[in-house]
Amino acid sequence: MNYTVTTVSAALTAVLALSWIVRRRSNRDIRTIVGPPSPSWIFGNMLQQLLSPSYGDYEFKWRKAYGSVYRIKGCLGQDRLMVSDPTAVQYLVNCPSFHYPRSLEALLRSVYGAKSIIARRLGGDHHKQLRAWMNPAFAAAAVRQYQPVFARVAQRITERIDDCETLSIDMCPLLSDASLSSISEVVFGCPVEDLSADLVESTFQIVHLSSNQSASQILFDAISNLLPGWILRHAVYLPIKHFRVVRTQLHLANREGWRLVREKTEAAKQGLETGGDLYSVLLNSDKSNSGRLREEDVVAQTSLLMVAGHDTAAKTLAFGLIELAQNAQFQESLRAEIHAALGTGRDSEHIPYDSMPLLNAFIKETLRMYPALPISDRRALKDEVIPLSESIVTTAGKQLDRVHIRKGEVVSIAIASYQRLMESRWGDDADKFRPARWLDGTVYQGEAIGPYANLFSFLGGPRTCLGWRFAIFEMQVFLCELVGKFSFSLPKDYYPRVKIANLLLPTDSHGNKGALLEVKRVL
Ligand code: HEM
């Protein structure tokens, strides 16, 4: 009895304390911004946003009803700003006063390591320096040289499809294995089979763990964000299964990273050819102007490149194939374009990938409708003012052309919502998958805010995705191979859905993950 009373009192005290912290931090400006009613104090609108049957069921309607800047309720009565206004999102990614929420920052440090480029974002100059070193390996000319690797890996997907005994194939594992193979060959200079099997398994386990979303996880994240950073950084040492997986990943990635780096430096010392892989390029590059990239800095990128570089591209491709399967006519036209580009007997090395209008319109439309990261939260490190491209009217009837944000408040960059803006960006049918919009002049041609096609799928500003050219080129090569050789259609009674669990995931109508397609040889 005493035990129960104590537990209930402790829980009540904790809830009151958390609600006091949240209220103390809340800001009048945000509270007067219009937004949907909240169905629950504990979860606010978060379950609608993150656990709806299909991602965007609520969010895309809210955007239409309340505009490109509106307020939703987070867990425990917290106010959150949802932003898809083009000026505002651009400001959020360029302004150094906005950083990851504490729980995400702690997670990124734990999975990728404190010295990985993504965890060094607060380091300002250090982050800039690391990017300057890594950038040349991701520049257009460098990425072009990876073509034979992408083509070889794509052929292996074909072989695996040919080996399948059933007509219906879940394309997700095939694409996931293939993108990890590309990363392994391009970044580390060896086939994925030569990497430590434990590390490969651990990488897939991390992807698997991060592709689950639940109400308790959402609440846990919200509470974590209220805790001081040092507690979160130490929490990873708790004896909990998820944390053990995270610790193992970082340990294995560091061990493998050092093995690869030592092998490459040893080979270079002996005057042996080390190849054109990214790690060799980074280790051998001449840094006479800005100091040398240390070996430990190269090693520190191993976990990040393995996890972030493969799952994003694989999921994007899976969504693209699901759309193709639902549009037989476009699929035929795309295949005809690929066959024409291949010509008679021309090998894939000579395909003019950038001059294929349907292929590139299709990739842009896939990235627009299915940004791997549909929403990205930022925490204000100090009081800030976010400018807007269009003014908004508050619940009190006041017109705002900028929004005041207080230190500690969370703003969500609504990437997927931005990519469905009608009037100012993508046209009246922005909710529809229609690659032709990129060819018929529908899309906005003005000032670009992301690195590619005015999209925000790779974010923008000084922390734009480093691998965006890599991802585009890989998708071009994989699609030419797959659509050139196979036709894709949806199995009977299969209704694809889109879920979110950190990244967007394809599922069936029962929530089972995967992209099940009927795949038939056509060439
Ligand atoms: C379709 C595929 C991809 C998408 C949609 C994508 C998207 C993104 C996004 C949105 C970010 C910013 C994350 C944030 O700030 O929260 C990011 C960062 C990053 N991405 Fe990608 N990515 C893709 C593929 C790749 C590939 C293939 C690589 C490497 C080979 C890569 C390497 C990186 C790195 C290193 C960063 C961190 C950059 C920094 O912190 O300065 N990405 N990516």
Side-chain angles (χ1 to χ4, degrees), residues 89 92-94 98-101 104-105 107-109 111-113 115-124 126-135 137-139 142-143 146 149-150 153 175-176 178-188 277-279 282 297-298 300-320 363-364 366-379 412-416 418-419 450-453 455-479 502-504:
V89 291
L92 286 166
V93 293
N94 280 288
F98 290 96
H99 189 54
Y100 293 128
L104 180 60
E105 186 189 350
L107 184 72
L108 292 174
R109 284 172 69 104
V111 179
Y112 300 136
K115 289 185 181 166
S116 67
I117 189 165
I118 207 155
R120 286 211 158 159
R121 288 181 171 199
L122 264 188
H126 209 138
H127 177 260
K128 219 194 263 173
Q129 177 79 86
L130 211 45
R131 268 189 88 98
W133 278 324
M134 290 175 76
N135 250 332
F138 288 101
V143 167
Y146 306 147
V149 171
F150 294 148
V153 172
L175 294 168
S176 186
S179 1
L180 190 59
S181 295
S182 298
I183 295 283
S184 178
E185 296 208 19
V186 167
V187 177
F188 311 125
D277 62 90
L278 191 121
Y279 271 24
L282 290 176
D297 287 320
V298 178
Q301 312 313 320
T302 309
S303 179
L304 171 65
L305 290 170
M306 282 193 79
V307 178
H310 98 268
D311 203 35
T312 41
K315 295 282 183 328
T316 309
L317 275 167
F319 281 117
I363 290 174
K364 288 174 191 165
T366 307
L367 284 163
R368 183 182 76 81
M369 289 291 278
Y370 303 104
L373 188 71
I375 192 141
S376 190
D377 290 345
R378 293 289 182 272
R379 170 176 56 105
S412 296
I413 305 175
I415 298 169
Y418 161 78
Q419 292 185 172
Y452 179 68
L455 294 166
F456 225 40
S457 308
F458 298 108
L459 239 50
R463 296 156 199 93
T464 300
C465 170
L466 206 55
W468 71 269
R469 285 195 189 85
F470 180 118
I472 301 288
F473 194 32
E474 182 182 57
M475 286 194 268
Q476 288 174 328
V477 177
F478 281 17
L479 283 168
N502 298 310
L503 300 185
L504 284 187

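Indexing begins at 1, ligand by ligand and atom by atom, following the structure's order.
- Ligand 1 has at least one atom lying under 4.0 Å from a heavy atom of His127.
- The residue from Leu282, Leu130, Ile118 that alone fulfils the side chain to side chain contact (heavy atoms under 4.5 Å, CB included) condition with Gln301 is Leu130.
- Taking both residues in full, the closest heavy atoms of Tyr452 and Ile472 are given as CE2-CD1, 3.3 Å, listed atom of the first, atom of the second, then distance.
- Interface of Ser457 with ligand 1, defined as ligand atoms under 4.0 Å from a residue heavy atom, comprises 5 (C), 7 (C), 10 (C).
- Ranking protein heavy atoms by distance to atom 23 (C) of ligand 1, first place goes to Thr312 OG1, 3.3 Å.
- Taking a cut-off of under 4.0 Å to the non-hydrogen atoms of Ile183, the atoms of ligand 1 that pass are 30 (C).
- Proximity of Arg131 to ligand 1, defined as any heavy-atom pair under 4.0 Å, is confined to the side chain (atoms from C-beta onward).
- Of all protein heavy atoms, the one closest to atom 18 (C) of ligand 1 is Cys465 CA, 3.6 Å.
- At least one heavy atom of Tyr100 sits closer than 4.0 Å to an atom of ligand 1.
- Distances shorter than 4.0 angstrom occur between a heavy atom of Arg378 and an atom of ligand 1.
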Steps toward side chain to side chain donor-acceptor pair (under 3.5 Å) verdict (Tyr146, Ser182): CA-CA 9 Å; Tyr146 306 147; Ser182 298; over 6 Å; no
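- Between Phe150 and Phe473, the ring-plane angle classifies as perpendicular under the 30° and 60° cut-offs.
- Residues Leu367 and Ser457 come closest through the heavy atom pair O-OG, 2.8 Å.
- Not a single heavy atom of Phe456 lies less than 4.0 angstrom from ligand 1.
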